[in-house]
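Read through the structure below, which is laid out as structure tokens, and then see the notes.
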Amino acid sequence: MGQGDSFFEQVYELVRGIPEGRVLTYGQVAGLLGVPQGARAVGWALHGLTSKREHRVPWHRVVAAGGCISLPAGAGGRRQRERLRAEGVGFKRGRVDLARHGLEP
DNA sequence: CAAGTGACGTAGA
DNA sequence: GTCTACGCCACTT
């Protein structure tokens, strides 16, 4: 996989640009890339990072619609929740408070 | 070239 | 509030 600009790389770059304490949804990332219906592809792109060791991509800042974590606890969902909380992101009944950490509160 | 897959999204019941 | 069904995209084999 050494392609230069695949859709995946675009996702990585965009996610990499998410400031701390900010959270985006798959649909938003896809929309920013020009493919509002590509939420699935975005999720898949991040899925590859879970197994990667050096990525520098704050994938934990990307959650499903509504701010809910779709990741299984064993796949890193647990880590995502902890990381977000460590960045000051507040949780609302198991969901991220998009109203305070969304793209533009 | 075709089919299958997956960390989604929305709508309806 | 819960669950089901369909549609969409990009990548792999």
Side-chain angles (χ1 to χ4, degrees):
Chain A
M1 338 140 102
Q3 258 86 125
D5 6 321
S6 325
F7 185 88
F8 277 38
E9 277 227 0
Q10 290 218 79
V11 177
Y12 302 147
E13 287 210 34
L14 197 136
V15 175
R16 216 184 279 159
I18 300 178
E20 187 181 303
R22 194 70 109 229
V23 181
L24 287 180
T25 65
Y26 297 96
Q28 291 237 324
V29 175
L32 288 171
L33 290 177
V35 190
Q37 293 121 300
R40 242 172 161 161
V42 174
W44 214 28
L46 298 177
H47 175 241
L49 293 177
T50 351
S51 257
K52 240 152 198 142
R53 21 180 127 192
E54 286 189 43
H55 50 62
R56 276 170 231 233
V57 181
W59 55 270
H60 57 259
R61 282 179 193 145
V62 186
V63 296
C68 44
I69 296 181
S70 315
L71 244 95
R78 201 178 131 110
R79 175 141 31 222
Q80 177 171 22
R81 192 156 67 97
E82 242 188 73
R83 269 184 187 235
L84 288 172
R85 213 173 105 49
E87 292 188 354
V89 178
F91 275 77
K92 211 87 176 198
R93 224 164 146 280
R95 299 193 207 288
V96 180
D97 193 347
L98 289 176
R100 278 164 72 69
H101 306 288
L103 189 62
E104 297 231 346

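Below, chain A is the first sequence line, B the second, and so on; all start at residue 1.
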When you match A/Phe8 and A/Arg93 each to their closest nucleotide on DNA chain C, which lands nearer the 5' end? A/Arg93

Please report the shortest heavy-atom distance between A/Ser70 and A/Tyr26, naming the atom on each side. OG-CE1, 4.4 Å

Here the distance between atom P of C/dC9 and atom CD of A/Gln10, to the nearest Å, is 16 Å

Protein-to-nucleotide contact annotation, 5' to 3' order, nucleotides 7-13 of chain B [B base; S sugar-phosphate only; - none; under 4.0 Å, heavy atom]: BBSS---

Okay, side chain of A/Arg22, backbone of A/Gly102: is any donor-acceptor separation there less than 3.5 Å? yes

Go through the side-chain N and O atoms of A/Glu87 and A/His60 and say whether any donor and acceptor fall under 3.5 Å apart. yes

Compare every heavy atom of A/Gln80 with every heavy atom of A/Val62, then report the nearest pair and how far apart it is. O-NE2, 3.0 Å

Crowded around A/Arg16 CZ? As in, over 12 foreign heavy atoms under 6.0 Å? yes

Whole Å only: how far is the CZ atom of A/Phe7 from the P atom of C/dC8? 16 Å

